[in-house]
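Written below as structure tokens is the structure these notes are about.
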Amino acid sequence: MKKLFILSATALLFFSCSNLQTNLPLSGKTSITTTKNPILPQNSFYLTNSGIDYLSDLVERDLNSNATRVYAPSQISGVLETYIGETLKITGLNGNRLKIISTPVKSGFNFSLINNNLEFSSVYQGLYTAEVYNDFTYMGTIRIKNKLKYDFTEKDNYDIILDSYKNQNLDLLEKSAQLYLMAFPTNNKQKDVSFMVLDLGAGKGNNLLLNNKIKYLKENFSLTEDEKVKLLLLEEKINQNNFVIDNYYLNYNKNNLKLNTAIKRIIERKTTATNEELGFLEKFYGDVEDPELASTLGNLYIKNGDINKGNYYNSLASENGITLNSNTPSQDVLDTSTPIVPTIETTIPVINKNLSNGRDALNRKSYNEALIFFNKAITNTKENDLDNILFYRGKTYFLMGNYDKAISDFNNIKSVNENSSELYYYLGVINHKQGNIDKAKEYLRKSRENNPSSTWGRKSSIYLLKL
């Protein structure tokens, strides 16, 4: 037998190769009925670099054993122990659903209750807790302790990981990191270990390993902006031309400029973009108003068949001196039933068209798109149109939660008419949120007195009851 564990002299007195084999389940399906709640033993080992392959083989055999450990429903009051590689079963449990309370990891385990039969299995060591319910009636709590058959110290395992990383030994790093994850899934070094595997494995072409580590990191850790950028660029490298950016990255935050820029550049390198990716770029454009980004949006929207939006963003780009891509479809090659540029009737000023488009976007809750139209309208407006645009732009900021910009626009309105009750309501809410209670009451009363039977008058009356 190829013996890869180096055991201390003392340990050899208690554990031999033959002893290790007898502790493994026999091949084929084994069922173990547990009449008590035992504390399952673990064999103690002194782990070294040369033993990783051997331990990995033992664990793999456990995982393929198809062993089942059966407990009775009456035993759930205590902790139920099982080994990694076994499936724990409880039949005839009085309940029809589980509520998972705590687990060492967020995935990689099965904890289910179907037709009064509970099943559990996991490749990760630790305590798993779930509450049992029969419809909405609480029936009890199940605690399962999942254990490896082999006990080794966290320090020995981590030292092997550091040594393999230092010596650029990906095979040893991968196996020692996997054992570390199985044995110590809640250890705070797991994130660092995963990034070591990614760093060493990035140039080795093992895409399955890399994708699994990326998935694990995204599911189990709060990552920094730099860490997200690293994962994103690695995912692009792995998937190449077929890369679709995961929604995990597309949760836009204007403060993450490095991540936002990385996403933008990846989308620019693609031939097509998903609706989610385009939505992200629109939010980014709403903050930076970069004409090159407008050109990218325009070309991508046209490729996706949205001619109106495509030409709108291309017009923003051309207004700022960006030459449109020669590959952009011309009017001659497009469906002539769809106009290249939305028709603007000569009797309606362009400023009103931008205002109208902004209001449409606002009604669709496309707030960043609405801001683009309102900003464009405001740059070309005449004095008598300004109040109306300021009102709708302020309303957009209000609905986005940007109260400082909202109140700035509202305070610059010189005269109000049909929108006065709504305006005063927004000012009342903003002042309340900013702690100006007296001012909030003043505006809300104005809204109510201006038109008590209107929607905004009634809303103001209700809001006043909270103050």
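In terms of modelled atom types and a separation under 3.5 Å, the side chain of Asn187 and the main chain of Lys189 share a donor-acceptor contact. Side-chain N or O atoms of Ser295 include none that pairs as donor or acceptor with a backbone N or O of Pro291 at under 3.5 Å. Remark: the backbone N or O of Ile245 is paired with a side-chain donor or acceptor of Glu277 at under 3.5 angstrom. A donor-acceptor pair under 3.5 Å links the side-chain atoms of Asp387 to the main chain of Lys414, judged by distance alone. A donor-acceptor pair is defined here as one N or O able to donate and one able to accept, closer than 3.5 Å; such a pair exists between the side chain of Asn116 and the backbone of Leu93. Looking at Asp135, its side chain never comes within 3.5 Å of a backbone N or O of Thr137 through a donor-acceptor pair. Remark: the backbone N or O of Val244 is not paired with any side-chain donor or acceptor of Asn239 at under 3.5 angstrom. In this structure, Gln190 contributes its side chain and Tyr180 its backbone to a donor-acceptor pair below 3.5 Å. Here the side chain of Asp306 pairs a donor or acceptor atom with the backbone of Lys309 at under 3.5 angstrom. Distance alone, capped at 3.5 Å, places no donor-acceptor pair between the Asn260 side chain and the Phe284 backbone.
Taking the six-membered ring for Trp, Phe109 and Tyr124 have ring centres at least 6.0 Å apart. Ring to ring, Tyr424 and Trp456 are not that close: their centroids are 6.0 angstrom or more apart. Taking the ring centroids of Tyr397 and Tyr367, they lie at or beyond the 6.0 Å cut-off. In this structure, Tyr425 has its ring center at least 6.0 angstrom away from the ring center of Tyr443.
In this structure, Met196 and Ser164 have side chains that are not in contact, with every pair of non-hydrogen atoms separated by 4.5 Å or more. Here the side chains of Lys254 and Lys283 are not in contact, with every heavy-atom distance at 4.5 Å or above. Counting heavy atoms from C-beta outward, Asn146 and Leu127 have side chains that stay 4.5 Å or more apart. With contacts defined as side-chain heavy-atom distances shorter than 4.5 Å, the pair Asp246/Lys218 qualifies. Using a 4.5 Å heavy-atom cutoff, the side chains of Asn304 and Thr274 are not in contact. Contact of the Leu316 side chain with the Lys376 side chain is registered, since non-hydrogen atoms from C-beta on lie closer than 4.5 Å. Contact check for Lys175 versus Asp53: side-chain heavy atoms found under the 4.5 Å cut-off.
Nearest heavy-atom pair across Asn368 and Gly286 is OD1-CA, 4.4 Å. What you find for Asn450 and Ser421 is that their closest heavy atoms are OD1-OG, 3.1 Å. Taking each heavy atom of Pro104 and Gln125 in turn, the nearest pair found is CG-O, 3.7 Å. Contact detail for Tyr249 and Phe280: the closest heavy-atom pair is O-CE1, 4.1 Å. Contact between Leu170 and Val197 at its shortest, heavy atoms only, is CD1-O, 4.4 Å.
For the side chain to side chain contact (heavy atoms under 4.5 Å, CB included) test, residues two or more places apart in sequence or in another chain that qualify with Thr91 are Asn117.
Between Glu422 and Lys459, no side-chain nitrogen of the basic residue sits less than 4.0 Å from a carboxylate oxygen of the acidic one, so the salt-bridge criterion is not met. A salt bridge is absent between Glu219 and Lys106: the closest approach of a Lys/Arg side-chain nitrogen to an acidic carboxylate oxygen does not fall below 4.0 angstrom. At a threshold of 4.0 Å, the pair Lys395-Asp409 does not count as salt-bridged, since none of the basic side-chain nitrogens sits closer than that to a carboxylate oxygen. Using a 4.0 Å cut-off between charged nitrogen and carboxylate oxygen, Asp159 and Lys155 count as a salt-bridge pair.
For the atom pair Leu371 CG and Lys405 NZ, the distance stands at 8.0 Å (nearest 0.5 Å). Atoms OG1 and CG, on Thr87 and Asn110 in that order, are 8.0 Å from each other to the nearest 0.5 Å. With rounding to the nearest 0.5 Å, the separation of OG1 in Thr129 from NZ in Lys99 is 12.5 Å. The CG atom of Leu47 sits 7.5 Å away from the CG atom of Leu179 when rounded to the nearest 0.5 Å. Taking CZ of Phe410 as the start and CG of Leu427 as the end, the distance is 6.0 Å to the nearest 0.5 Å. To the nearest 0.5 Å, atoms CD (Glu154) and CD1 (Ile161) are separated by 8.0 Å.
Judged by the 6.0 Å and 45° rule, Arg393 forms no cation-pi pair with Phe374.
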With ring-ring contact (aromatic ring centres under 6.0 Å, His included) as the test, would you mind laying out the steps for Tyr312 and Tyr301 before giving the verdict?
-> CA-CA 10 Å; Tyr312 169 71; Tyr301 267 121; 9.9 Å; no
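For the side-chain hydrogen bond (donor to acceptor under 3.5 Å, both in side chains) test with Tyr463, the passing option among Lys441, Arg448, His432, Arg458 is His432; the others fail.
Using the six-membered ring where Trp is involved, Phe184 and Phe152 have ring planes that are perpendicular, over 60° apart on the 30 and 60° scheme.
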